[in-house]
Amino acid sequence: MSTRAYRYITNRTSPNQNARNRPISGITIHWWGNPVGQKIEGIVSWLCDKRAGTSAHYVVSSGVVYCIVDPDRRAWHAGNARANHTQIGIELDPNASQRAGTMATAAALIKDLRSVYGDLPLYPHKHWTSTACPGNYDLKALDRLARGKTAAPAPAKPAATVKPAIAPPFPLPRRPGALYYYGPADGPITSVSGMGLNTAVPADVYRDAAGRWHSRGLAKWQQRMIDRGWSELAQDGADGRYGKITEKVVGQFQKLVGLPVDRKLGPDTWAAAWSEPVT
């Protein structure tokens with residue numbers, strides 16, 4: 001590989017990886033959310049945290065590339081087992097102020113990868129699973145740029161599905177001695193899981209025709225997060241039940257938006273799903 005056209009950093013390694021069992025056949029492009037001023041170092045730190053349960057091979061911002069998983073190994077990035085085994089995952093900076101530089105840097109990285117692994121096609125993350133990722137990144141333009149055919153486009157408008165919005169009122173009681181939140185079924189009475197009867201919130205928890213319990217409010221939050229690209233929740237859909245996947249996403253989201261990571265879906269975490277522009 002010739003001299004790189006970007007600063008290449010290899011001092012961080014994500015534990016969220018394992019061995020590949022299929023040949024590399026493509027490159028999957030991600031972004032780490034809607035522009036909110038998040039810096040690459042913080043994203044790298046999160047993807048290198050075992051608790052995140054996710055990773056990428058490369059994290060890219062203008063002029064900088066972090067390699068946090070060797071491309072010959074399997075990063076956990078696509079939300080799809082086959083794709084994780086066959087794809088190289090590149091996480092791009094969504095910040096509009098960095099867009100042109102990030103496009104140019106990603107194109108140079110793709111050119112370098114193709115020189116080693118062949119003429120790999122580009123896929124959006126949403127090709128493999130239900131997600132809005134990589135937002136408004138234009139992969140055709142990125143491919144042309146990697147082939148030296150055009151300049152990077154001007155920053156595009158943010159994707160409509162991840163724009164900030166006014167949050168609906170938090171559905172559960174919040175008064176002294178009754179600070180209810182959405183949480184696991186083995187919690188106290190104030191932890192509403194949607195998995196059983198809770199007499200304190202009869203308007204929120206209901207039983208379907210098959211006898212299964214659900215929470216209307218929790219389903220609304222789950223759907224908001226699915227719409228914003230949290231594809232893990234799409235596995236069960238907005239079912240209004242606080243299971244392991246919902247608990248994991250609540251914790252991840254709290255960390256990303258700077259809230260205490262207690263995995264309790266209270267009013268702050270509820271509102272952030274609408275007000276904080278993070279996928």
Side-chain angles (χ1 to χ4, degrees), residues 32-38 42-43 46 49 51-54 94 130-133 135 158-208 212-279:
W32 67 67
N34 204 42
V36 290
Q38 294 172 318
I43 301 302
W46 174 241
D49 189 325
R51 294 171 298 174
T54 188
S130 176
T131 178
C133 181
T161 56
V162 292
K163 284 183 178 179
I166 297 174
F170 185 63
L172 301 181
R174 300 290 293 180
R175 58 181 183 272
L179 300 178
Y180 283 75
Y181 59 89
Y182 294 109
D186 59 1
I189 186 67
T190 50
S191 178
V192 178
S193 68
M195 294 183 176
L197 175 65
N198 191 313
T199 56
V201 287
D204 185 78
V205 179
Y206 70 97
R207 199 171 190 174
D208 66 19
R212 283 168 57 87
W213 291 93
H214 308 270
S215 160
R216 292 183 175 87
L218 181 55
K220 181 178 290 188
W221 188 88
Q222 290 169 326
Q223 187 59 56
R224 172 64 177 172
M225 296 298 286
I226 291 169
D227 291 343
R228 304 189 69 180
W230 292 77
S231 56
E232 287 177 286
L233 287 172
Q235 295 177 34
D236 296 326
D239 62 357
R241 295 169 66 84
Y242 194 95
K244 293 296 183 183
I245 293 176
T246 295
E247 182 176 12
K248 177 182 175 182
V249 169
V250 169
Q252 289 176 341
F253 182 64
Q254 287 173 329
K255 183 176 179 69
L256 282 174
V257 299
L259 292 171
V261 182
D262 58 8
R263 295 178 175 80
K264 296 179 180 180
L265 205 177
D268 291 341
T269 305
W270 170 275
W274 280 268
S275 63
E276 291 292 335
V278 180
T279 55

Before you tell me yes or no, could you show the steps for Leu218 and Val192 under side chain to side chain contact (heavy atoms under 4.5 Å, CB included), namely the whole-Å CA-CA distance, both residues' side-chain angles and the distance that decides it to 0.1 Å?
CA-CA 9 Å; Leu218 181 55; Val192 178; over 6 Å; no

Please check if the number of heavy atoms outside Arg174 that lie under 6.0 Å from its CZ is greater than 12.
yes

Before giving the answer on side chain to side chain contact (heavy atoms under 4.5 Å, CB included), spell out for Trp221 and Val250 the whole-Å C-alpha distance, their side-chain angles and the decisive distance to 0.1 Å.
CA-CA 10 Å; Trp221 188 88; Val250 169; 3.7 Å; yes

Nearest heavy atoms of [X] and [Y], plus distance in Å:
X      : Y      : result
Val205 : Gly196 : CG1-O, 3.3 Å
Val261 : Gly251 : CG1-O, 3.8 Å
Ala200 : Pro173 : O-CG, 4.4 Å
Ala203 : Arg216 : O-NH1, 3.0 Å
Ala238 : Ala219 : CB-O, 3.3 Å

Taking [X] for its side chain and [Y] for its backbone only, find out whether a donor-acceptor pair lies under 3.5 Å.
X      : Y      : value
Gln222 : Tyr242 : no
Ser191 : Pro184 : yes
Trp270 : Tyr181 : no
Arg263 : Gly183 : no

Roughly how far apart are [X] [atom1] and [Y] [atom2], rounded to 0.5 Å?
X      : Y      : atom1 : atom2 : result
Trp46  : Thr54  : CH2   : OG1   : 9.5 Å
Met195 : Asp239 : CE    : CG    : 7.0 Å
Thr190 : Lys264 : OG1   : NZ    : 7.0 Å
Gln254 : Leu256 : CD    : CG    : 10.5 Å
Arg212 : Arg241 : CZ    : CZ    : 4.0 Å
Leu233 : Thr246 : CG    : OG1   : 5.0 Å

Show, in sequence, the C-alpha distance, side-chain angles and deciding distance for Asn198 and Tyr180, and conclude whether the side chain to side chain contact (heavy atoms under 4.5 Å, CB included) test is met.
CA-CA 11 Å; Asn198 191 313; Tyr180 283 75; 4.2 Å; yes

Show, in sequence, the C-alpha distance, side-chain angles and deciding distance for Thr269 and Tyr182, and conclude whether the side chain to side chain contact (heavy atoms under 4.5 Å, CB included) test is met.
CA-CA 10 Å; Thr269 305; Tyr182 294 109; over 6 Å; no

